[in-house]
Every structure is written in C-alpha cells, then in structure tokens.
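First the structure, in the form of structure tokens, and then the observations on it.
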Amino acid sequence: MHRHLGHGHPRRKGPRSRTSEADALTATASDVFDVVLCDLGLPDTDGYTVSRTVRARPHGTRPRLIAVSGFSQGTDRSLSRAASFDAHLAVPLPLTDLLEFLESPE
C-alpha cells in the first residue's frame, strides 16, 4: 500500500493511500508530495519500480521516498538505496524512526 503525506501546500490534501502501482504513479505525477511511503511488496509490481519511475520524472518536485518492508537485512536496504529510496524502514513501522527521518534535513 502506498501512503502519501502532504501538508502546508495549497494543492496538498493530506494523507492519501493507493494500493496499486498504477494508482500510485498517477497520483505522484499529478500532485505534489513531500513524502511517499512505499511498500516494497505490491500486488502488481515491486516498490523498487515505483521509486525508479518517480525518480526518472523530469519535473522539479522530488518527494522523499521511504521504502517500507517486512525485510530489512543489509541486502534489502542496499536494494532500496539502489532504487533511489531515501530511507528503508521495516514493519511494524516504528513511529519514532519515521518521525526522526521526517525531521532530518533532506
């Protein structure tokens, strides 16, 4: 499931959720997001593909991408970095880790 967080911008509507690659890519192409939480185990693809697609877009917005996964070994984190995720968090998602990441400079 994709979760999008956005606030403080007139076009942003707050948290939204998408459950497919196509829906998530459409949403991130048509709106501005500060942060995108992306599950790596999607039903129709993987989160790595979503990250690479978002990062390949030519427009000026660059959301912070966070991989969310039940797998968090060194190789899992390396794959996330290679796919241009800014962070990799394991589920259950520790709220303190998420808040620490969101409060850190980009």
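Predicted, not measured: the structure shown is a model, and the values here were computed from it.
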Side-chain donor-acceptor pair under 3.5 Å between T26 and D23, yes or no? no

Do any side-chain atoms of residues 93-104 form donor-acceptor pairs under 3.5 angstrom with protein atoms, and if so which ones, sequence neighbours left out?
{"unit_1": "S104", "atom_1": "OG", "unit_2": "R64", "atom_2": "NH2", "d": "3.1"}
{"unit_1": "S104", "atom_1": "OG", "unit_2": "F101", "atom_2": "O", "d": "2.7"}

When rounded to the nearest 0.5 angstrom, what is the spacing between CG in L37 and CZ in F33? 11.5 Å

Here the salt bridge (Lys or Arg N to Asp or Glu O under 4.0 Å) pairs for residues 70-96, sequence neighbours left out, are R55-D86

Give a yes or no on this: more than 12 heavy atoms of other residues, nucleotides or ligands lie within 6.0 Å of atom CZ of F71. no

Which heavy atom in G47 sits nearest to a heavy atom in F85, and how many Å separate them? O-CZ, 3.4 Å

Indicate yes or no: at least one non-hydrogen side-chain atom of V36 is less than 4.5 angstrom from one of V54. no

How close do T49 and T53 get, counting heavy atoms only, and between which atoms? O-OG1, 2.8 Å

Decide yes or no on side-chain contact (heavy atoms from CB on, under 4.5 Å) for H88 and L79, but give the supporting numbers first. CA-CA 10 Å; H88 180 112; L79 289 169; over 6 Å; no

For the CD1 atom of I66 and the OG atom of S51, what is their distance to the nearest 0.5 Å? 11.5 Å

Does the pair L40 and S80 meet the rule for a side-chain contact (heavy atoms from CB on, under 4.5 Å), with working shown? CA-CA 9 Å; L40 296 179; S80 292; 3.8 Å; yes

